[in-house]
Amino acid sequence: MFVLVEMVDTVRIPPWNFQRQLNEAVTEELNKKLANKVVYNVGLCICLYDIIKLEDSYIFPGDGASHTKVHFRYVVFHPFLDEILVGKIKYCSQEGVHVSLGFFDDIIIPPESLQQPAKFDEAEQVWVWEYETDEGAHDLYMDQGEEIRFRVADEVFLDTSPTGPSKAAEAPAVPGAGAGAAAAAPEPEQKKEPPYTLIGSVSEPGLGLLSWWNN
């Protein structure tokens with residue numbers, strides 16, 4: 001679930017931190033920059049593990065801060081595919097079951113990856129496993145807050161780095177067009193997508209709510 005990733009970065013230390021030990025100042029700046037951030041195709045950064053090497057520090061003209069190239073290892077949350085994890089159901093929607101690990105919430109189990117046959121209860125807003133027995137079908141509800149064991153089936157990284165202005169914003173104004181025409185077409189609000197999402201699956205024996213298998 002957690003891995004050590006070796007990284008290299010140039011760390012800027014402001015002048016008011018020069019009285020501190022270099023290692024301490026570098027550690028603080030690296031954690032400030034990376035902790036709780038997603039690095040594309042790497043994972044969710046948790047905290048600095050250790051510093052491998054500090055290269056020479058430089059002060060550039062016009063900037064009183066020092067710049068040091070640092071080789072370090074960082075603790076990163078990046079489960080491998082097919083790893084089994086246990087989380088809690090955050091909520092359910094038509095898209096599937098949304099799961100949280102406490103420190104990471106962007107986990108979804110799509111409907112086709114649930115124990116089958118499954119249905120979505122619109123009134124309760126929960127997914128239900130219609131468990132077949134000799135006595136007939138029993139509805140097993142996937143309630144909010146319940147602990148759930150799932151397999152990591154896939155991962156999705158999304159590059160959320162800033163982009164340039166849209167083409168519509170760059171287009172020159174049309175001569176003679178009134179201000180009302182511009183105001184009539186507001187830009188649609190885009191849904192914010194998470195930079196790192198795990199796709200889970202519970203479609204095999206032993207997976208799903210812990211209470212199902214404990215009982």
Side-chain angles (χ1 to χ4, degrees), residues 1-14 25-55 58 60 63 65 67-114 148 150-172 185-203:
M1 182 160 64
F2 296 100
V3 293
L4 278 180
V5 178
E6 192 168 327
M7 301 182 183
V8 180
D9 196 10
T10 299
V11 178
R12 180 182 183 274
I13 307 295
V26 165
T27 298
E28 183 180 310
E29 291 300 321
L30 285 173
N31 280 329
K32 199 185 296 183
K33 181 178 182 179
L34 292 173
N36 205 30
K37 303 286 195 309
V38 171
V39 177
Y40 187 67
N41 282 341
V42 174
L44 174 68
C45 294
I46 304 297
C47 65
L48 180 70
Y49 182 75
D50 63 3
I51 294 172
I52 300 171
K53 181 184 178 185
L54 291 169
E55 298 192 9
Y58 297 92
F60 299 109
D63 184 6
H67 299 259
T68 309
K69 192 173 183 180
V70 184
H71 301 252
F72 58 96
R73 290 189 296 177
Y74 219 86
V75 178
V76 173
F77 171 70
H78 188 180
F80 56 84
L81 296 184
D82 291 330
E83 184 171 355
I84 304 295
L85 301 178
V86 175
K88 284 190 176 181
I89 296 176
K90 193 176 180 186
Y91 66 94
C92 295
S93 70
Q94 292 278 9
E95 296 173 351
V97 178
H98 301 260
V99 180
S100 171
L101 295 177
F103 63 92
F104 184 75
D105 293 343
D106 297 315
I107 303 169
I108 185 167
I109 303 171
E112 63 272 13
S113 297
L114 299 173
I148 185 170
F150 63 95
R151 183 185 298 279
V152 178
D154 199 5
E155 60 184 13
V156 178
F157 281 96
L158 183 68
D159 188 358
T160 56
S161 54
T163 56
S166 63
K167 290 183 179 179
E170 291 176 348
E187 221 175 272
E189 222 178 277
Q190 289 186 344
K191 184 183 174 185
K192 191 175 180 183
E193 297 289 343
Y196 179 39
T197 304
L198 292 178
I199 312 297
S201 172
V202 295
S203 59

Any non-hydrogen side-chain atom of [X] less than 4.5 Å from a side-chain atom of [Y]?
X      : Y      : answer
Val202 : Ile148 : yes
Lys88  : Leu101 : no
Ile84  : Phe150 : no
Lys69  : Val8   : yes
His98  : Ser93  : yes
Leu54  : Val26  : yes
Val97  : Ile108 : no
Leu85  : Met1   : yes

To the nearest 0.5 Å, how far apart are [atom1] in [X] and [atom2] in [Y]?
X      : Y      : atom1 : atom2 : result
Ile13  : Glu28  : CD1   : CD    : 8.5 Å
Lys37  : Ile46  : NZ    : CD1   : 12.0 Å
Tyr196 : Phe104 : OH    : CZ    : 6.0 Å
Asp106 : Glu193 : CG    : CD    : 10.0 Å
Ile199 : Ile107 : CD1   : CD1   : 10.0 Å
Asp159 : Asn41  : CG    : CG    : 9.0 Å

Side-chain donor or acceptor of [X] paired with backbone N/O of [Y] under 3.5 Å:
X     : Y     : answer
Glu83 : Phe80 : yes
His71 : Ile52 : no
Arg73 : Val5  : no
Asp9  : Val11 : no

Closest heavy-atom contact between [X] and [Y]?
X      : Y      : result
Leu198 : Pro79  : CD1-CG, 3.8 Å
Ala153 : Ser201 : CB-CB, 4.2 Å
Val39  : Leu34  : CG2-CD2, 4.4 Å

Decide side-chain hydrogen bond (donor to acceptor under 3.5 Å, both in side chains) for Asp105 and Ser100; before the verdict, give the C-alpha distance in whole Å, the side-chain angles of both, and the deciding distance to 0.1 Å.
CA-CA 4 Å; Asp105 293 343; Ser100 171; 2.5 Å; yes

Ring centre gap for Phe103 and Phe2 strictly below 6.0 Å:
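Yes, close enough.
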
Relative to each other, are the rings of Tyr74 and Phe72 parallel, tilted or perpendicular (30° and 60° limits)?
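Correct class here is perpendicular.
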
Run Val75 and Leu4 through side chain to side chain contact (heavy atoms under 4.5 Å, CB included) and show every step you take.
CA-CA 5 Å; Val75 178; Leu4 278 180; 3.9 Å; yes

Side chain to side chain contact (heavy atoms under 4.5 Å, CB included) partner of Cys45, chosen from His78, Met7, Lys33
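That would be Met7.
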
